[in-house]
Undergrad: 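Sharing a structure, written as structure tokens. Questions coming.
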Number of protein chains: 2
Amino acid sequence: MALKYSKQRAIIMDFLKDRKDHPTADVVYTNVRKILPNISLGTVYRNLMLLTELGEIKKIQVGDGVDHFDSTTGEHDHFVCTECGGVFDLPVREAFDAARYAGPDFDGEITGYTLNLRGVCAGCLAKEHTA
Amino acid sequence: MALKYSKQRAIIMDFLKDRKDHPTADVVYTNVRKILPNISLGTVYRNLMLLTELGEIKKIQVGDGVDHFDSTTGEHDHFVCTECGGVFDLPVREAFDAARYAGPDFDGEITGYTLNLRGVCAGCLAKEHTA
DNA sequence: ACTAAAATAGTAATAGTTACTGAAATATTT
DNA sequence: AAATATTTCAGTAACTATTACTATTTTAGT
């Protein structure tokens, strides 16, 4: 039950803290392996899950069938590039009013929302223009 | 290249048209099998994909790791119940202004968005109260 | 150090989905 | 309506992302 220190978890957390993009478990794995060459993929998954439960990171799902992980835990939304698959943070805006959006007739209890914008990122747009 | 009629595809489409929830491929499979007992799961997937490409249905991903399929093709958003896993249509509201939400500093091209509200549906709330 | 609990590496299993193959259904041409 | 071409099929195998299992190693409290 009690949480014990683990070098693997510390390095995973450290890696995520420095990334502005939203790496997948596999990306975390291949990168952390540069420091801990025989860390196992299962360990990466287990710790990503644990860190998510602890609230130190967030698991985000953008509909590409792969989980992404984000060390920015505050409420914010994402932009997904349909060209390169990149996931980018959107600047935090005025809080989105989910209850108001659902409308007065909605009779469930709303606890949260997921909002992903979709399109082509600035980088891919630049590439298109030069091509 | 040319599309040919298939009984399997017709029945899949027919099944989806009558559903207000958003069945998964597996749900489509088990139900269509009542009519065509030896349809194969691969056929279901292939036709769901094809119908999606044709724009006759929509594939929706709500972050539960499974694809759902929706015969309501107009722009609308969804509510996902965290208790029962159900996916429900939200009434169509004033169009969500994605570009405005992204803010003036955003320098990509926005082509769409996905908005899922999350919470407990009316049915599950009722169950909780009686328990 | 000693011991109990937790975490690990490595591997196996699972779920959802996609790909492959020879046979059957559909459409087109004669 | 028979022959031919093309699509779709059922059935199965393969694949990807993730989770579970197990014997061994690490960690931390006594």
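Quick note on labels: first sequence line is chain A, next is B, and so on, each numbered from 1.
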Undergrad: Side-chain donor-acceptor pairs under 3.5 Å in residues 106-127 of chain A, sequence neighbours left out?
TA:
residue	atom	partner	partner atom	Å
A:T111	OG1	B:R118	O	3.3
A:Y113	OH	A:D77	OD1	3.4
A:T114	OG1	B:R118	NH2	2.7
A:R118	NH2	B:Y113	O	2.9
A:R118	NH2	B:T114	OG1	2.7

Undergrad: B:D64: what forms a side chain to side chain donor-acceptor pair (under 3.5 Å) with it, not counting sequence neighbours?
TA: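 Expected list: B:H68.
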
Undergrad: With sequence neighbours excluded, tell me which residues meet side chain to side chain donor-acceptor pair (under 3.5 Å) with A:R100.
TA: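 Residues passing side chain to side chain donor-acceptor pair (under 3.5 Å) with A:R100: none at all.
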
Undergrad: Give, ordered by number, those residues of residues 6-15 of chain B having at least one heavy-atom distance below 4.0 Å to an atom of DNA chain C; if nothing qualifies, reply none.
TA: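 Those residues whose heavy atoms fall under 4.0 Å from DNA chain C, taken from residues 6-15 of chain B, amount to none.
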
Undergrad: Checking B:K34 now: which residues fulfil side chain to side chain donor-acceptor pair (under 3.5 Å) with it, not counting sequence neighbours?
TA: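 Residues passing side chain to side chain donor-acceptor pair (under 3.5 Å) with B:K34: B:N31.
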
Undergrad: Below 4.0 angstrom, which residues in residues 46-59 of chain A have at least one non-hydrogen atom near DNA chain C?
TA: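 Result for residues 46-59 of chain A: A:R46, A:N47, sorted by number.
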
Undergrad: Please list all pairs meeting ring pair (Phe, Tyr, Trp, His ring centres under 6.0 Å) that have one or both residues in residues 14-53 of chain A, counting only residues at least two apart or in different chains.
TA: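 Pairs touching residues 14-53 of chain A that pass the test: A:H22-A:H78.
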
Undergrad: Between B:Y5 and B:D67, who's closer to the 5' end of DNA chain C by nearest nucleotide?
TA: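 The 5'-side residue here is B:D67.
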
Undergrad: Compare all side-chain heavy atoms of B:M13 with those of B:I57 and state whether any distance is below 4.5 angstrom.
TA: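 They are in contact (side-chain heavy atoms under 4.5 Å apart), so the answer is yes.
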
Undergrad: Could you tell me how far apart A:L36 (CG) and C:dA7 (C1') are, to the nearest whole angstrom?
TA: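 From A:L36 CG to C:dA7 C1': 13 Å.
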
Undergrad: According to side chain to side chain donor-acceptor pair (under 3.5 Å), who are the partners of A:Q61, at least two apart in sequence or on a separate chain?
TA: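 So A:Q61 forms a side chain to side chain donor-acceptor pair (under 3.5 Å) with A:D67.
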
Undergrad: So which heavy atom on B:A25 is nearest to which on B:V44, and how close?
TA: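 Smallest interatomic distance, heavy atoms only, reads O-CG1, 3.8 Å.
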
Undergrad: Search all heavy atoms of A:L36 against all heavy atoms of A:K7 and return the closest pair with its distance.
TA: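 Where A:L36 meets A:K7 most closely, the heavy atoms are CD2-CD, 4.0 Å.
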
Undergrad: In terms of ring plane angle, is the pair A:Y101 and A:F96 parallel, tilted or perpendicular, where the classes change at 30° and 60°?
TA: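 If you compare the ring of A:Y101 with that of A:F96, the planes turn out tilted.
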
Undergrad: Please give me every residue in residues 16-34 of chain B whose heavy atoms get under 4.0 Å of an atom in DNA chain D, ordered by residue number.
TA: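 None, since no heavy atom is under 4.0 Å.
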
Undergrad: Just list the side-chain donor-acceptor pairs under 3.5 Å for residues 46-54 of chain B, sequence neighbours left out, or say none.
TA:
residue	atom	partner	partner atom	Å
B:R46	NH2	B:T43	OG1	3.2
B:N47	OD1	B:R9	NH1	3.1
B:N47	ND2	B:T43	O	3.0
B:T52	OG1	B:L48	O	2.6

Undergrad: Using atom CG of B:D64 as one end and atom P of D:dT19 as the other, report the distance to the nearest whole Å.
TA: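 Distance check: B:D64 CG to D:dT19 P gives 13 Å.
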
Undergrad: Is there a donor on the side chain of B:K4 or the base of D:dT8 sitting less than 3.5 Å from an acceptor on the other?
TA: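 Side chain to base: no pair present.
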
Undergrad: Heavy atoms within less than 4.0 Å of DNA chain C: which residues of residues 37-45 of chain B have one? Give them sorted by number.
TA: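 Result for residues 37-45 of chain B: B:L41, B:Y45, sorted by number.
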
Undergrad: Of all heavy-atom pairs between A:H76 and A:L90, which one has the smallest distance, and what is that distance?
TA: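 Distance-wise, the nearest heavy atoms are CB-O, 4.2 Å.
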
Undergrad: Under the 4.5 Å side-chain heavy-atom rule for ILVMFWY, direct or indirect, which residues accompany B:Y5?
TA: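 The other cluster members (ILVMFWY side chains, heavy atoms under 4.5 Å, direct or chained): none.
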
